[in-house]
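First comes the structure, then the notes that go with it.
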4 protein chains.
Amino acid sequence: MSTERRPGALRSERSRLAILTAAARQFAERGYDHLTIEGIAAEAGVGKQTIYRWWGSKTALIAECLVEGMLIPVPFRPEATGDPRKDLESWVQGILDFLPGNESLLRSLVITAAEDPEVATRLSERLGVFPIGLDSEGPFPLEVVEAITGAIVIRSLRGGDFDEGYASRLVDAVLGTS
Amino acid sequence: MSTERRPGALRSERSRLAILTAAARQFAERGYDHLTIEGIAAEAGVGKQTIYRWWGSKTALIAECLVEGMLIPVPFRPEATGDPRKDLESWVQGILDFLPGNESLLRSLVITAAEDPEVATRLSERLGVFPIGLDSEGPFPLEVVEAITGAIVIRSLRGGDFDEGYASRLVDAVLGTS
Amino acid sequence: MSTERRPGALRSERSRLAILTAAARQFAERGYDHLTIEGIAAEAGVGKQTIYRWWGSKTALIAECLVEGMLIPVPFRPEATGDPRKDLESWVQGILDFLPGNESLLRSLVITAAEDPEVATRLSERLGVFPIGLDSEGPFPLEVVEAITGAIVIRSLRGGDFDEGYASRLVDAVLGTS
Amino acid sequence: MSTERRPGALRSERSRLAILTAAARQFAERGYDHLTIEGIAAEAGVGKQTIYRWWGSKTALIAECLVEGMLIPVPFRPEATGDPRKDLESWVQGILDFLPGNESLLRSLVITAAEDPEVATRLSERLGVFPIGLDSEGPFPLEVVEAITGAIVIRSLRGGDFDEGYASRLVDAVLGTS
DNA sequence: AACTAAGCGAGACGGTACGTCAAGTCTTAGG
DNA sequence: CCTAAGACTTGACGTACCGTCTCGCTTAGTT
């Protein structure tokens with residue numbers, strides 16, 4: 001059974017990329033809910049219909065940006081050095097190092113995630129939750145990893161600060177002070 | 001120095017309450033970003049201007065609903081029975097019991113919180129973070145309490161399920177299996 | 001040099017006419033300053049933006065109604081029978097015959113004309129000023145024709161009445177009783 | 001039968017004048033339909049209610065300004081020198097001399113007059129129509145005087161210019177070239 | 001080569017909601 | 001009872017975007 005291929009122009013990769021790039025840029029600049037499809041279309045030099053043809057919603061578009069790595073450039077994933085506590089702490093530290101200057105990006109990501117479970121999952125992936133915490137595969141229980149990312153998100157949304165010792169205190173909290 | 005009181009009609013408590021009530025109802029029903037000021041005004045039998053006069057934004061309005069206890073009816077706050085682990089677990093269980101049927105409310109609350117740190121703080125309060133976790137007052141370090149609420153929020157946004165043993169597993173995770 | 005024609009849907013003649021028709025109807029019914037763009041849009045079954053896209057103001061819209069002959073159905077223009085005084089008088093009489101029942105239409109037209117010289121010009125044309133009075137073409141000096149229309153307008157605004165012999169008296173006044 | 005006089009404060013002449021002055025100033029500055037009652041109240045240092053208590057409408061307020069001579073400072077009224085044509089011409093010339101710089105005032109006056117026959121009458125008075133043209137009293141037929149004022153108004157609204165010889169040409173037109 | 005059919009940039013369309021302005025009414029507190 | 005102040009409901013403003021729908025053109029397969 002062959003994939004049916006009717007005549008007509010192919011999807012333009014050029015447009016696809018221009019749209020994703022524009023979306024990512026505006027997402028970072030203005031946040032999720034000041035995004036406009038019209039603005040993206042204009043910036044990408046593209047008709048609105050081309051966006052609506054391929055993505056069903058704003059969140060779908062942002063989700064694709066996310067999996068393409070256009071919103072969070074670095075993948076957060078600890079090395080396995082043999083010392084689990086150390087691995088966890090350096091993973092946390094990596095996220096904390098990324099945060100300053102990106103708080104509003106985080107806010108927007110949380111908003112988008114709250115709009116759509118799919119995005120929430122992608123975002124968790126991007127932060128390293130599953131590779132680390134998925135029960136069967138990762139070295140830590142999922143609850144632990146969720147607690148850590150959750151704690152960071154919660155405090156960040158509240159505008160709280162992360163002082164020098166925060167990473168180790170947090171890891172202590174979820175692993176218990178041995 | 002006296003509080004200046006110029007003549008003119010006083011603020012109508014009647015309108016204020018009608019607005020908050022309508023806002024809370026629509027927030028619960030439709031979620032944060034399908035709220036419309038016009039809709040609230042109409043339902044409250046009030047002019048739009050009366051809303052804009054007293055609240056600067058949708059988030060400010062929702063924040064006030066939150067502190068007035070119109071969105072989350074029950075205050076989540078454990079008793080101190082002497083057994084900290086038990087207290088923590090019953091607090092978690094209280095939140096989990098509230099969740100089913102209120103996922104979309106939670107989503108909307110998270111969105112609003114992500115829009116405005118003030119709301120995030122109020123929401124945390126409402127979930128019991130400060131009374132329990134504020135270092136100076138509460139029995140648990142703030143990190144622990146944030147980790148717990150964060151874990152619940154994160155999983156809920158992803159649409160994950162909370163099975164029977166979740167509460168105790170989560171408490172185990174953050175207190176360490178002693 | 002060709003008129004640039006970028007792609008995109010063409011202007012909808014259907015909408016254009018519906019708007020003009022609704023505007024004319026409401027103008028006649030309610031007068032210039034109780035017109036609302038929203039009302040016209042609603043009656044025409046059209047979005048407000050479609051009006052704002054093509055007309056910059058209420059007066060521009062009314063001006064177009066005027067030139068399309070949707071406000072003053074009959075064109076006032078005397079035949080040239082060879083007897084100038086008779087021609088003038090029958091022209092005046094035509095206007096006077098139109099007036100009863102249309103005073104408020106006239107008021108509205110005057111208001112609109114006072115808002116915008118363009119409309120004033122179109123209104124004058126419609127009453128027959130230029131075809132008759134344009135120095136180079138018409139048989140009468142512009143001053144004469146303006147004096148006649150002006151006299152009628154002035155008295156009508158004041159609510160004065162036009163008795164049987166008014167037309168001939170007015171023509172007498174401006175041509176002199178020879 | 002005595003005029004009933006119940007207790008209570010008397011109408012404040014101070015406020016009345018402040019309101020009329022503010023109204024006149026704003027009328028001249030912004031024109032009839034960009035007047036706001038709120039603006040007048042603010043400028044006059046007066047509550048809105050004080051305006052609504054004593055005047056039923058914007059036009060009523062402007063009408064009173066008109067009869068108080070706060071809009072058209074000079075009264076237009078010819079001397080009787082014995083040469084009627086000369087008198088008429090100097091009257092016209094007086095109006096024409098006043099016009100430059102006051103076109104928008106005229107527009108606004110016409111709009112107000114078109115809103116309310118009462119105002120139209122007051123305006124005519126102010127321009128000198130009745131003292132000159134009232135059949136029984138004045139030296140000229142009312143039609144003549146209306147034709148002259150009408151001609152000026154009509155041309156002015158259209159934005160037409162009044163050249164050097166206009167006054168005499170107009171008088172010629174309505175008196176006949178002798 | 002001619003003939004579909006889809007993709008595309010552009011942009012007009014019917015709508016919804018925005019946040020603002022002003023209208024006219026009502027409510028205080030002070031003379 | 002009058003007044004200044006100002007909060008209230010109402011309704012229209014002009015703007016921004018939505019998601020859908022033509023247009024005229026280009027691109028790619030099918031015949």
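Chain identifiers are assigned alphabetically (A, B, ...) following the order of the sequence lines, protein sequences preceding nucleic acid strands; residue numbering begins at 1 within each chain.
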Is the phosphate of [N] approached by [X] (side-chain N or O, under 4.0 Å from OP1 or OP2)?
| X | N | value |
| --- | --- | --- |
| A:Trp54 | E:dC8 | yes |
| A:Arg11 | E:dG7 | no |
| B:Ser15 | F:dA7 | no |

Interatomic distance where [atom1] belongs to [X] and [atom2] belongs to [N] [whole Å]:
| X | N | atom1 | atom2 | value |
| --- | --- | --- | --- | --- |
| A:Leu61 | F:dG19 | CG | P | 12 Å |
| B:Glu13 | E:dT28 | CD | P | 14 Å |
| C:Ile51 | E:dG15 | CD1 | P | 12 Å |

Candidates [options] - which lies nearest the side chain of [X]:
| X | options | answer |
| --- | --- | --- |
| C:Pro7 | E:dA23, F:dC23, E:dC13 | F:dC23 |
| D:Arg53 | E:dA6, F:dC2, E:dC8 | F:dC2 |
| A:Gln49 | E:dC8, E:dG14, F:dC21 | F:dC21 |

Scan residues 23-46 of chain C against DNA chain E and write down, sorted by residue number, each residue with any heavy atom closer than 4.0 Å; if none is found, say none.
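Within residues 23-46 of chain C, the residues near DNA chain E are C:Gly45, C:Val46.
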C:Glu29 (side chain) donor-acceptor with C:Phe27 (main chain) under 3.5 angstrom
no
Is there a donor-acceptor pair under 3.5 Å between the side chain of D:Arg122 and the backbone N or O of D:Leu66?
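No; judged by distance alone, with no hydrogens or angles, the pair does not exist.
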For A:Trp54, is the NZ or CZ atom of A:Arg16 found under 6.0 angstrom from the centre of its six-membered ring and inside 45 degrees of the ring axis?
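No cation-pi geometry.
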Please tabulate the protein-to-nucleotide N/O contacts below 3.5 Å involving nucleotides 25-27 of chain F, giving atom names and distances.
from   : atom 1 : to     : atom 2 : distance (Å)
F:dT27 : O2     : A:Ala9 : N      : 3.4

Is the shortest heavy-atom distance from the side chain of [X] to the side chain of [Y] under 4.5 Å?
| X | Y | result |
| --- | --- | --- |
| D:Glu115 | C:Asp33 | yes |
| D:Leu71 | D:Leu123 | no |
| C:Leu109 | C:Ile72 | yes |

Tell me, with the steps shown, if C:Ile62 and C:Asp116 meet side chain to side chain contact (heavy atoms under 4.5 Å, CB included).
CA-CA 10 Å; C:Ile62 295 306; C:Asp116 182 355; over 6 Å; no
Between A:Arg107 and A:Glu103, is there a side-chain N and carboxylate O pair less than 4.0 Å apart?
no
Closest-nucleotide 5' rank along DNA chain F - winner of C:Lys48 and A:Lys58
C:Lys48
Within 6.0 Å of CZ in B:Arg14, more than 12 heavy atoms from elsewhere
no
Pick the nucleotide of DNA chain E nearest each of B:Tyr52 and C:Ser12; which residue has the one closer to the 5' end?
C:Ser12
Heavy atoms under 4.0 Å, any strand shown: does D:Thr50 hit a base, just sugar-phosphate, or nothing?
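Contact class for D:Thr50: sugar-phosphate only.
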